[in-house]
Protein chains: 2
Amino acid sequence: MRQDSRLSRMLHVLIHMGHHDGALTSDMIAKMLDTNPVVIRRTMAGLREKGYVTSEKGHGGGWTLLHRLEELTLLDIYRAVGEPSVFAVGPAYDMPGCVIEQAVNATLTDVFAEAEQLLLKRFSDVTLADIARGFVVPGGPNASGQGMAEES
Amino acid sequence: MRQDSRLSRMLHVLIHMGHHDGALTSDMIAKMLDTNPVVIRRTMAGLREKGYVTSEKGHGGGWTLLHRLEELTLLDIYRAVGEPSVFAVGPAYDMPGCVIEQAVNATLTDVFAEAEQLLLKRFSDVTLADIARGFVVPGGPNASGQGMAEES
DNA sequence: TGTTTCGAAACAACATAAGTTACATGATTT
DNA sequence: AAATCATGTAACTTATGTTGTTTCGAAACA
């Protein structure tokens, strides 16, 4: 399957919400992301459980952001969408008696854990406001632009 | 889908081959990994293309390692199995005009690229001999054992 | 000739995000 | 109260890629 884009999509939506007064309906958001409102509700449910957004039914209802963009990190959103497995490749999980396989798995586990730690550390260093501003990673290569308006 | 285990499996096989005189058949290897010989041939084909192993048909045939374990790094094998996408999560690829989505994608791309660089750097620092010896990562946490015999 | 072994094609199984349909629930407007 | 709007949820389908399996053919060897 292609890569999990829930994190990316939720970041996108939340920044829009942070720059928008009033609620956004699932339909509006779905059009923004070029997808289906049910997919939006499904994914946003995780954000609601964490208390980052609320949803209201009926006229004038929809989704509302409960925090400022400065208060939310990439790590928060990653966790809210279910902390999906970061890696598409990893050790085989046979747990056999073979010491060679054990050594291989130990090595891979260590290396991937280190990379994941770095990733989550970077996630925790970046707020949604930083992204909206065009800042990328504190110590990172920072290849993107600066100063960022909004629009669909 | 569950994680791609080709790298892990090939490391396992190659270390066995490094400690084994003569050829190993796909059937023997398949039993070692508890899978099917066709899967072995399919995956080992990448190693053969890189010149790390050869395969011979007929009686006494099978797979033979052409390099010493000291000469092969984790990175070599990762590339030989096709350099599969390391991450299961990533940016949405709509490439819209929306500057917010662009900023999100730029940030994620940067962060994931940094993590991947670290991963590949670690891969390049570890030889198959290191793994067999129980050494893990030069600068890493090194959580595994030391001194390593062989056996399936 | 017969057996071993790889090579390759073709297809099924499996897992998971994503897309879709359908209906129930609740809130607001008229 | 009725109509409308919007979320909540279940169920099913689609898409994608690794893995598993069957079935041939080709080559090497006894």
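Quantities reported herein were computed from a predicted structural model and do not represent experimental measurements.
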For A:E56 and B:G58, find the nucleotide of DNA chain D closest to each by heavy atoms; which residue's nucleotide sits nearer the 5' end?
A:E56
Comparing A:L24 and A:R42 on DNA chain D - which has the more 5′ nearest nucleotide
A:L24
Given [options], identify the nucleotide with an atom nearest to the side chain of [X].
X	options	result
A:V39	D:dG8, C:dA17, C:dT20	C:dT20
A:S26	D:dT7, C:dA18, C:dC6	D:dT7
B:H59	C:dA18, C:dG2, D:dT19	C:dG2

Less than 4.0 angstrom between a side-chain N/O of A:S55 and OP1 or OP2 of D:dG8, yes or no?
yes
Phosphate OP1/OP2 of C:dA17: any A:S5 side-chain N/O under 4.0 Å:
no
Length of the [atom1]-[atom2] vector between [X] and [N], whole Å:
X	N	atom1	atom2	value
A:M10	C:dA17	CE	C1'	13 Å
B:M44	D:dT18	CE	C1'	18 Å
A:D34	C:dA18	CG	P	13 Å
B:E83	D:dT18	CD	C1'	18 Å
A:I40	D:dA6	CD1	P	15 Å
B:D4	C:dA15	CG	C1'	14 Å
A:L7	C:dA18	CG	P	11 Å
B:I29	C:dC6	CD1	C1'	12 Å

On the side chain of A:R41, is there an atom forming a donor-acceptor pair with the base of C:dT25 - under 3.5 Å, no angle test?
no
Check the pair A:I15, B:V104 against side chain to side chain contact (heavy atoms under 4.5 Å, CB included), reporting the backbone distance first and the verdict last.
CA-CA 9 Å; A:I15 294 175; B:V104 168; 4.0 Å; yes
Backbone N or O of A:T73 within a donor-acceptor pair of the A:D76 side chain at under 3.5 Å?
yes
Positive for side-chain hydrogen bond (donor to acceptor under 3.5 Å, both in side chains) with B:H16, one of B:H19, B:H20, B:H12:
B:H12
Interatomic distance, CG@A:L47 vs CZ@A:R79, rounded to 0.5 Å, equals 14.5 Å
May I ask you to say what A:R6 touches in the nucleic acid, namely base, sugar-phosphate or nothing, with a heavy-atom cut-off under 4.0 Å?
sugar-phosphate
Using a heavy-atom cut-off of 4.0 Å across all strands, would you classify B:N36 as base, sugar-phosphate, or nothing?
base
Distance-only side-chain donor-acceptor flag, B:D110 / B:T107, under 3.5 Å:
no
Using the closest heavy atom to pick a nucleotide of DNA chain C for each, name whichever of B:P37 or A:V38 lands nearer the 5' end.
B:P37
